[in-house]
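All residue numbers refer to positions in the sequence shown, counting from 1.
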Amino acid sequence: MKKWLIGIGVAIVVLGIVVFAGYKWLMFQIHGSTAEKDFQVMIEEGATLKDVLKKLEDENMLGNANYRSLYMRFYEADYTYQAGEYEIKRGMTLEQTLAKFQKGEVVKPKTVKVTIPEGWNVKQIARRLAENNLGDEKKYMQLFSDRSYYFKKQKEFAFLPPLKKRTKYPFEGYLFPATYEFVLDAKEEDVIERMLQQMQVVVDKLAEQYPQVQTNTLRVFTLASIIEKETAVVKERPRVAGVFANRLKVGQILQSDATVEYAHGKYLKKVLYKHLEIDDLYNTYRYEGLPPGPIAAPSLSALSAAVSPEKHNYYYFVTKKDGSRTHYFAETLAEHESNIAKSEQTGKE
């Protein structure tokens, strides 16, 4: 009798152990355990709940993705999660991890801020981007020179005008100068796309007041880029734009030093008579009208001046050498020559 009772007792204990072990095993399959180490999880767009749970199963945080999925179907039917990359810390529970997915607490990618100044050309822009670890300078210049790539982007961005054969760099002048924040490993194409998108926003906004900005963007951007390079004081830009508009109207050459510098492809501390002799369509001392395309990235103020120049009778301007960076304006050549002499007398650059 005692042996029988002992046997029953042992069986009950064994059964209890088995049941407890089975319960613990099932709980692990469904509720998992804490993370054994730090790791990252990437949830792709369109991933199913089982896909998400399987990633945690692979990290030993969950025993069986199918069991947990079935459990959640009944008890957490409204559970949702967001795509992205997540960082899981050692010791985090399964429930904490799933809550993280639901809140969308993704790992913020490393970014870099870069400023593209107004009036810079594509060579300067490519160098600045590369210096900030945003791609390769040579790759940028290849893309800026690639006419087929330009035609592709022309279909995406309405403001990009038809391309002239003698344009040096198709994308010159169409990348908006501003401060941007890019993901550190952004591709060159992604960076260019972002800058074109910003220029499209600027053009659309400007068109609300000046619809003509969209009817002849090549002329507008080319003229704006010259205005940008010729003026440092924003309030003077409409007046300088008026000078160029007057010259273009009567067929008088623009004689912009900035275009001469662009034709030479390098910075000129001072434009000399010998520099004016270069046979290049961008040399507005030699060729009438506007050059084949922009020479730099124009600002909003320069674009605004190009589409709405000040109306006056000035045909000439010269920089005051008093440090103000403003100009003397003249209606006649004689008055202009007098202004040049006046400027020289200040003795300052």
Side-chain angles (χ1 to χ4, degrees), residues 116 119-127 129 136-177 188-189 191-193 195-200 202-203 207 212-230 241 244-245 247-268 271 275-298 302-303 306-307:
I116 305 300
W120 271 24
N121 59 43
V122 290
K123 290 182 179 179
Q124 294 170 306
I125 293 173
R127 188 177 307 116
L129 293 170
D136 180 71
E137 184 176 350
K138 289 184 179 179
K139 178 67 180 296
Y140 277 117
M141 291 310 300
Q142 288 172 358
L143 290 170
F144 291 152
S145 306
D146 191 336
R147 301 177 82 84
S148 62
Y149 181 58
Y150 179 86
F151 294 140
K152 178 182 176 182
K153 291 299 164 188
Q154 194 179 31
K155 295 177 181 178
E156 299 178 32
F157 298 98
F159 73 89
L160 290 176
L163 195 59
K164 286 192 175 182
K165 291 182 179 180
R166 302 297 292 273
T167 302
K168 290 185 184 294
Y169 299 103
F171 287 93
E172 187 74 89
Y174 303 116
L175 307 171
F176 190 70
E188 291 86 354
E189 291 88 344
V191 173
I192 293 172
E193 181 88 5
M195 297 178 76
L196 290 172
Q197 288 173 346
Q198 188 58 41
M199 184 63 87
Q200 183 71 68
V202 170
V203 172
Q212 63 267 39
V213 73
Q214 295 178 319
T215 59
N216 193 349
T217 51
L218 178 60
R219 176 188 171 89
V220 170
F221 274 83
T222 302
L223 183 55
S225 69
I226 298 174
I227 296 168
E228 182 72 50
K229 295 295 291 184
E230 289 283 0
F244 290 134
R247 284 182 167 237
L248 289 169
K249 187 175 181 179
V250 300
Q252 185 176 351
I253 56 176
L254 297 184
Q255 295 181 306
S256 164
D257 287 359
T259 64
V260 174
E261 185 173 80
Y262 190 79
H264 281 273
K266 61 181 180 180
Y267 170 71
L268 301 175
V271 176
H275 296 134
L276 306 182
E277 298 174 0
I278 185 171
D279 187 9
D280 189 291
L281 289 176
Y282 283 83
N283 180 1
T284 57
Y285 274 86
R286 185 161 186 165
Y287 289 92
E288 185 181 318
L290 291 168
I295 61 172
L303 287 166
V307 294

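Using a 4.5 Å cut-off on side-chain heavy atoms (C-beta onward), L129 and I116 make contact. Side chains of V203 and F221 form a contact here, defined as non-hydrogen atoms less than 4.5 Å apart. For the pair P170/D146, no side-chain contact is recorded, criterion being any heavy-atom separation below 4.5 Å from C-beta on. Under the 4.5 Å side-chain criterion, counting only non-hydrogen atoms from C-beta, I192 is in contact with L143.
The neighbour count for R166 CZ, taken as heavy atoms of other residues, nucleotides or ligands under 6.0 Å away, does not exceed 12.
No donor-acceptor pair closer than 3.5 Å links the side chain of R286 to the backbone N or O of L276. Using a distance-only test at 3.5 Å, with no hydrogens or angles considered, no donor-acceptor pair links the side chain of E288 to the main chain of Q252. Side chain of E261 to backbone of L268: a donor-acceptor contact under 3.5 angstrom is found. When atom types are taken as modelled, the side chain of E172 and the backbone of V122 share a donor-acceptor pair closer than 3.5 angstrom. One N or O on the side chain of Q124 and one on the backbone of N121 form a donor-acceptor pair closer than 3.5 Å.
Of all heavy-atom pairs spanning A306 and A241, the tightest one is N-CB, 4.5 Å. In terms of heavy atoms, A296 sits closest to G119 at CB-O, 3.3 Å. Of all heavy-atom pairs between A263 and N283, the closest is CB-N, 4.3 Å. Shortest non-hydrogen contact noted between M141 and A126 is SD-CB, 3.7 Å. Nearest heavy-atom pair, P294 versus G173, reported as atom, atom and distance to 0.1 Å: CB-CA, 3.8 Å. What you find for T284 and P291 is that their closest heavy atoms are CG2-CD, 4.0 Å.
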Pair Q255, R247 - check side-chain contact (heavy atoms from CB on, under 4.5 Å), show working.
CA-CA 10 Å; Q255 295 181 306; R247 284 182 167 237; 3.1 Å; yes
Going through the distances and angles, do V191 and Y140 end up as a side-chain contact (heavy atoms from CB on, under 4.5 Å)?
CA-CA 10 Å; V191 173; Y140 277 117; 3.4 Å; yes
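Residues satisfying the side chain to side chain contact (heavy atoms under 4.5 Å, CB included) test with A207, not counting sequence neighbours, are V213, Q214. Checked against ring pair (Phe, Tyr, Trp, His ring centres under 6.0 Å), Y149 has the following partners two or more places apart in sequence or in another chain: F171. Scored by the ring pair (Phe, Tyr, Trp, His ring centres under 6.0 Å) test, Y262 finds Y282 as partners (sequence neighbours excluded). For the side-chain hydrogen bond (donor to acceptor under 3.5 Å, both in side chains) test, residues two or more places apart in sequence or in another chain that qualify with K168 are D280. For Y285, the side-chain hydrogen bond (donor to acceptor under 3.5 Å, both in side chains) partners two or more places apart in sequence, or in a different chain, are D257. Remark: Y169 engages no residue in a side-chain hydrogen bond (donor to acceptor under 3.5 Å, both in side chains) (not counting sequence neighbours).
To the nearest 0.5 angstrom, I278 atom CD1 is 4.0 Å from H264 atom NE2. Atom CD in Q154 sits 10.5 Å away from atom CZ in F159 (nearest 0.5 Å). The NZ atom of K123 sits 13.0 Å away from the CD1 atom of I125 when rounded to the nearest 0.5 Å. Note that the NZ atom of K164 and the CG atom of L218 stand 5.5 Å from one another [nearest 0.5 Å]. The OH atom of Y174 sits 9.0 Å away from atom CE of M199, with the distance rounded to the nearest 0.5 Å. Note: E193 CD to E189 CD = 10.0 Å, rounded to the nearest 0.5 Å.
S256 and E230 form a side-chain donor-acceptor contact under 3.5 Å, judged by distance and modelled atom types alone.
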